[in-house]
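Every number for a ligand or one of its atoms is a count from 1 in the order of the listing. Only a predicted model underlies this, so the values are computations on that prediction, with no experimental measurement involved. Positions are given from 1, in the same order as the sequence printed here.
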Amino acid sequence: MYRNTYVEINEENIKHNVQEIKKKYPNYTYYMGVVKGNAYAHGSYIVTSMKEAGINYFATSSLEEAIEVRKYDKDTPILCLEPIPPKYIEDILRYKVTVTIDSLELAKEYSALKFKGKLKIHLKLDTGMNRLGVKTANEVQKIFSLFTDNHSFVIEGIYTHMATTGINDFYFDRQVNKFLELTKKIDLKQIPIVHLGRSLTLVNHPKLDFVTGIRLGIILYGMNGSTPLPTGVKGFLREMKRKHFLKKYHVSPTTRQNDLKLKTGFAVYTEVMNVKRVKKGETIGYGAYFIAKKEMMIAILPIGYADGMHKNLKYVSIHGEKRPIIDVCMDMTIVEVSTKVQRHDKVEIFGNTISIKEASRNMGENAYHLFMRMTTRVPRVYQDKTEVKY
Ligand SMILES: Cc1ncc(COP(=O)(O)O)c(C=O)c1O
């Protein structure tokens, strides 16, 4: 690392999250770690910690991502969530990737393949998102019969993706019913891994009897999705109203509260590259938009929008104090500082003093987007001192 700008990944915190989730929600057999998007920007290296803590399946979105995970984990099964063209069968087998079958057309293409070995497949059903997946029970049945007597394939899983996680969740019920309708012509019990939900399905809805797996994304990275109720009479009345609503509209039980104690493990740091005294009336940065109203000290930081930095973050933290951002260029950021600040002082962009929640709020985006905004130009540094450049 030649430039002291990096994302510090706290593996212990991610491990803690896995353990905490498994402790509070112990009745799933398969805890799938969703590590697409370079493990939500934490870097695929984090799979080693997730596995150590109890994740027993991974999910990526592409074959490329699965191959990246294989650099760090040789054996844990990996489900590729998007369909892979069958022409890549050699790599699929070499890297031991489980394939998603999302249409009858793709099922026909795969079932016609001749290869040595066994390929694990998961069938994806579209129960309401209109993204990927099969939409009729007849197609589901046809796909099953295509693979059932073909010894090159194992139908290991079946799944869908939930559009919502909300409190008055009609859509959840609708999707579950659709899932049951789509699978009525097959025997679900024959399929080891039935996985419908994602992070907030886990915490907002009780486990369904026929479900054996859960896909965990954002929750692994520290967001528990809990919305605390107000305390006292207000909270009591709110809860009563919610119960009445669920009963009246026959909505299955949900909760927006949980006592999962999760920790984020993603903090962005840089350092002070230079400090400058600016006189009243001088301009700072591009466009000469910022005019100093008084004499002031500024610091130049080696992080810019090519790294994912953004002016809407509002401030950075130096010596535990928030300092306003004046301008963000492609590679550098200028902030107002006090006279105490010196070259090489450590600067936090967010993740510690400025929490992920606070930074997301300032950006007007959720934690998914906040993590992903830090580009691969910024190395990920792990507690064990491993530094990974992506
Ligand atoms: C198919 C699928 N499953 C699971 C997830 C994980 O979602 P979450 O981060 O909400 O847990 C995603 C993320 O977008 C997804 O696309």
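A donor-acceptor distance shorter than 3.5 angstrom exists from the side chain of Asn56 to the backbone of Tyr31, with no hydrogens or angles considered. The backbone N or O of Thr264 sits less than 3.5 Å from a side-chain atom of Asn13, completing a donor-acceptor pair.
Using bins of under 30°, 30° to 60° and over 60° for the plane-to-plane angle, the ring pair Tyr72/Tyr45 lands in the perpendicular bin. Ring pair Phe371/His42 is perpendicular by interplanar angle, where above 60° counts as perpendicular and below 30° as parallel.
Ligand 1 lies less than 4.0 angstrom from a heavy atom belonging to Arg131.
The shortest contact between atom 1 (C) of ligand 1 and any protein heavy atom is with His161 ND1, 3.6 Å. Summary of contacts: the protein heavy atom closest to atom 11 (O) of ligand 1 is Ser199 OG, 2.5 Å. Among all non-hydrogen protein atoms, the one lying nearest atom 14 (O) of ligand 1 is Lys36 NZ, 2.9 Å. When only non-hydrogen protein atoms are considered, atom 8 (P) of ligand 1 lies nearest to Tyr368 OH, 3.5 Å.
A donor-acceptor pair shorter than 3.5 Å cannot be found between the side chains of Asn224 and Lys261.
The Tyr40 neighbourhood of ligand 1 comprises atoms 6 (C), 7 (O), 8 (P), 9 (O), 13 (C), with distances under 4.0 Å to a heavy atom of that residue. Ligand-side atoms of ligand 1 in range of Ile218: 8 (P), 9 (O), 11 (O), range being under 4.0 angstrom from any heavy atom.
Qualifying side chain to side chain donor-acceptor pair (under 3.5 Å) partners for Asp187, counting only residues two or more places apart in sequence or in other chains: Gln190. Checked against ring pair (Phe, Tyr, Trp, His ring centres under 6.0 Å), Tyr57 has the following partners two or more places apart in sequence or in another chain: His122.
Annotation: Tyr159 places no N or O atom under 3.5 Å from an N or O atom of ligand 1; distance criterion only. Backbone and side-chain nitrogen or oxygen atoms of Leu200 are examined, and none is located within less than 3.5 angstrom of a nitrogen or oxygen of ligand 1.
Closest heavy-atom approach to atom 3 (N) of ligand 1 among the candidates Met129, Glu82, Arg198, Arg215: Arg215.
Checked for salt-bridge contact, Lys24 and Glu20 meet the test: a charged N lies under 4.0 Å from a carboxylate O.
The residue Met32 has no part lying near ligand 1, judged by heavy-atom distances below 4.0 Å.
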